[in-house]
Amino acid sequence: NMQLWLFIAFFAGFAIKVPMVPFHTWLPYAHGQAPTIGSVILAAVLLKMGTYGFIRFSLPLFPDATVAMIMPMGILALIAIIYTAMVAYAQEDIKQVIAYSSISHMGVIILGIFALNVEGIGGSLFLMVSHGIVSGALFMLVGVIYDRRHTKMMNEFGGLAKVMPLYATVFGIMLMASVGLPLTIGFVGEFLSLLGFFAVSPYLTASAGLTIILGAIYMLALYKKTFFGAIVNPINEKLQDLKGREISALIPLVILVVFLGVYPKPILEPVDKSVKQLIQTM
């Protein structure tokens, strides 16, 4: 009983930070109000403090309570994955789509953590790194277009691929990594997290696999509305493509997305040792 109450107390803090449904409502608002650098730091670093907190504190300190809470945590994560993906599709603001997609991806991380096996926890840690790189890059890309047009609404754009081909290419690569396309960094963590939880509950994992399908739907819808079709707004015809400073910030992230998608060993190998030690401790 003591373990369970302490687990719930720690959960209250970490769940708000992740954020998990139903404590997620602050995140889209925070991203909407924050400047670009604020969104990048929040998505790339600060959200991971919640999921890392579960691994670093809840699992080793309260192992019995953790085992008892596997299914409730799995169900909460599943709700976050599917519900926020559907909400993301309904958004008209590009930044809000990425914000809700972050909550959906954090749900996959929670699933991996509470698989309580090497594949699941290792995959969730890799997905933290992956999500940090990809979502950080996507918020930077939204900042680029916001600096030029001072709007983030999809209906203000259209046909950007003709005017800003390099920007469209980088955005497309990051978007595919966010969806979890094989050979990108997003695929490795998602696959391992779902593979780990499959040993716990095949049915929940099959439902959680919808995140890849739903992610593709809302992200490709965003890309179609923003980058393809006719250039409806004449202002967009004069937009400048990526500048040298922006390229120097984004290209290293593109390289990481592809390199770690093809060869994830530099992260997975050291993580594997720590995860095995954690499971042994539990």
Glu156 bridged to Arg148 by N-O distance under 4.0 Å: no

Do you know which of Leu116, Ile279, Thr281, Val67 makes side-chain contact (heavy atoms from CB on, under 4.5 Å) with Leu59? Leu116

Quick one: closest heavy-atom pair of Gly180 and Thr184, and the distance? C-OG1, 4.3 Å

Give the cluster check for Val232 versus Phe228: same hydrophobic cluster or not, with ILVMFWY residues linked at side-chain heavy-atom distances below 4.5 Å. no

Nearest 0.5 angstrom please: Met154 CE to Lys224 NZ, how far? 12.5 Å

d(Ile133 CD1, Ile255 CD1) to nearest 0.5 Å is 12.0 Å

Answer whether the closest heavy-atom distance between the side chains of Tyr83 and Val21 falls below 4.5 Å. yes

Run the side-chain contact (heavy atoms from CB on, under 4.5 Å) test on Leu61 and Leu6 for me, step by step, so that the C-alpha distance in whole Å, both residues' side-chain angles and the decisive distance to 0.1 Å come before the verdict. CA-CA 9 Å; Leu61 291 178; Leu6 286 169; over 6 Å; no

In terms of heavy-atom contacts, Ile81 and Ser104 come closest through O-OG, 2.9 Å

Closest heavy-atom pair and its distance - Leu204, Ser201: N-OG, 3.2 Å

Common cluster, Ile251/Leu183, ILVMFWY with side-chain heavy-atom separation under 4.5 Å: no

Test item: His105 side-chain N/O and Ser178 main-chain N/O as donor-acceptor pair under 3.5 Å: yes

Treating Ser193 as the side-chain partner and Ser124 as the backbone partner, does any N or O pair qualify as donor plus acceptor under 3.5 Å? yes

Nearest heavy atoms of Thr151 and Phe157, plus distance in Å: O-CZ, 3.6 Å

Cluster check Ile41, Val18: I/L/V/M/F/W/Y, side chain < 4.5 angstrom: yes

If you compare all heavy atoms of Val188 against all heavy atoms of Gly261, which two are closest, and at what distance to 0.1 Å? CG2-O, 3.9 Å

Atom CZ of residue position Phe198 - does it have more than 12 heavy atoms of other residues, nucleotides or ligands inside 6.0 Å? no

Does atom CE (Met49) have a neighbourhood of more than 12 heavy atoms from anything else shown, all under 6.0 Å? no

With side chains defined as the heavy atoms from C-beta onward, is the minimum distance between Met20 and Ile110 less than 4.5 Å? yes

Rounded at 0.5 Å granularity, tell me how far CD1 in Ile70 sits from CD1 in Ile75. 12.0 Å

ILVMFWY network linking Val129 to Leu46, side-chain heavy atoms under 4.5 angstrom: yes

Do Val257 and Met176 touch side chain to side chain, with heavy atoms closer than 4.5 Å? no

Kindly state whether the ring of Phe62 and the ring of Phe57 have centres lying under 6.0 angstrom apart. no

Are Ile247 and Val170 side-chain neighbours, meaning at least one heavy-atom pair lies under 4.5 Å? no

Would one find more than 12 heavy atoms of other residues, nucleotides or ligands at under 6.0 Å from atom CZ of Phe191? no

For the backbone of Ala168 and the side chain of Tyr223, can you confirm whether one donor and one acceptor N or O come within less than 3.5 Å of each other? yes

Could you check whether any side-chain N or O of Trp26 sits under 3.5 Å from a backbone N or O of Lys17, counting only pairs where one atom can act as donor and the other as acceptor? no

Answer yes if the side chains of Ser102 and His131 hold a donor-acceptor pair under 3.5 Å, and no otherwise. yes

Around atom CE of Met86, are there more than 12 heavy atoms of other residues, nucleotides or ligands at under 6.0 Å? no

Are Leu278 and Pro60 side-chain neighbours, meaning at least one heavy-atom pair lies under 4.5 Å? yes

How about Pro264 and Glu269: do any of their side-chain heavy atoms sit closer than 4.5 Å? no

Taking Asp272 for the side chain and Gly122 for the main chain, is one N or O donor matched with an acceptor at less than 3.5 Å? no

Between Asp93 (side chain only) and Met153 (backbone N and O only), is there a donor and an acceptor less than 3.5 Å apart? no

If you count heavy atoms of other groups shown closer than 6.0 angstrom to CD of Glu237, is the number above 12? yes

If you group Ile, Leu, Val, Met, Phe, Trp and Tyr by side-chain heavy-atom gaps below 4.5 Å, do Tyr203 and Val108 land in one group? no

Answer yes or no: is there a side-chain heavy-atom contact under 4.5 Å between Ile37 and Met140? no

Between atom CD1 of Ile109 and atom NZ of Lys48, what is the distance when rounded to the nearest 0.5 Å? 6.0 Å

Leu138 and Met219: CA distance, side-chain angles, deciding distance, side-chain contact (heavy atoms from CB on, under 4.5 Å) verdict: CA-CA 11 Å; Leu138 285 170; Met219 281 298 193; 4.1 Å; yes

Between Leu42 and Phe139, is any pair of side-chain heavy atoms under 4.5 Å apart? no

For the residue pair Phe7 and Ala65, what are the closest heavy atoms and their distance? CB-CB, 3.8 Å

Interatomic spacing from CD1 in Ile145 to CG in Leu239 - rounded to 0.5 Å: 5.5 Å

Taking the ring of His31 and the ring of Tyr100, is the distance between their centroids below 6.0 Å? no

Within the supplied structure, the quantity of interest is the number of heavy atoms (other residues, nucleotides, ligands) at a distance under 6.0 Å from Tyr89 OH; does it exceed 12? no

Please answer whether the main-chain N or O of Leu127 pairs with a side-chain N or O of Glu190 as donor and acceptor at a distance below 3.5 Å. no

Does the Lys162 side chain pair with the main chain of Phe227, one donor and one acceptor, at a distance under 3.5 Å? no

Using ring centroids (six-membered ring only for Trp), state whether Phe197 and Phe114 fall under 6.0 Å. no

Parallel, tilted or perpendicular: rings of Phe11 and Phe54 (30°, 60°): tilted

Nearest-0.5 Å distance that lies between atom CD1 in Ile113 and atom CD1 in Ile121: 8.0 Å

Can you tell me if Asn117 uses its side chain to pair, donor with acceptor, with the backbone of Gly120 under 3.5 Å? yes

Full working for side-chain contact (heavy atoms from CB on, under 4.5 Å) between Leu250 and Met174: CA-CA 10 Å; Leu250 289 165; Met174 290 303 172; 5.8 Å; no

Carefully, step by step, assess Leu192 and Leu268 under the rule side-chain contact (heavy atoms from CB on, under 4.5 Å). CA-CA 11 Å; Leu192 286 174; Leu268 285 179; 3.9 Å; yes

Under 3.5 Å donor-acceptor, Glu246 side chain and Lys243 backbone: yes

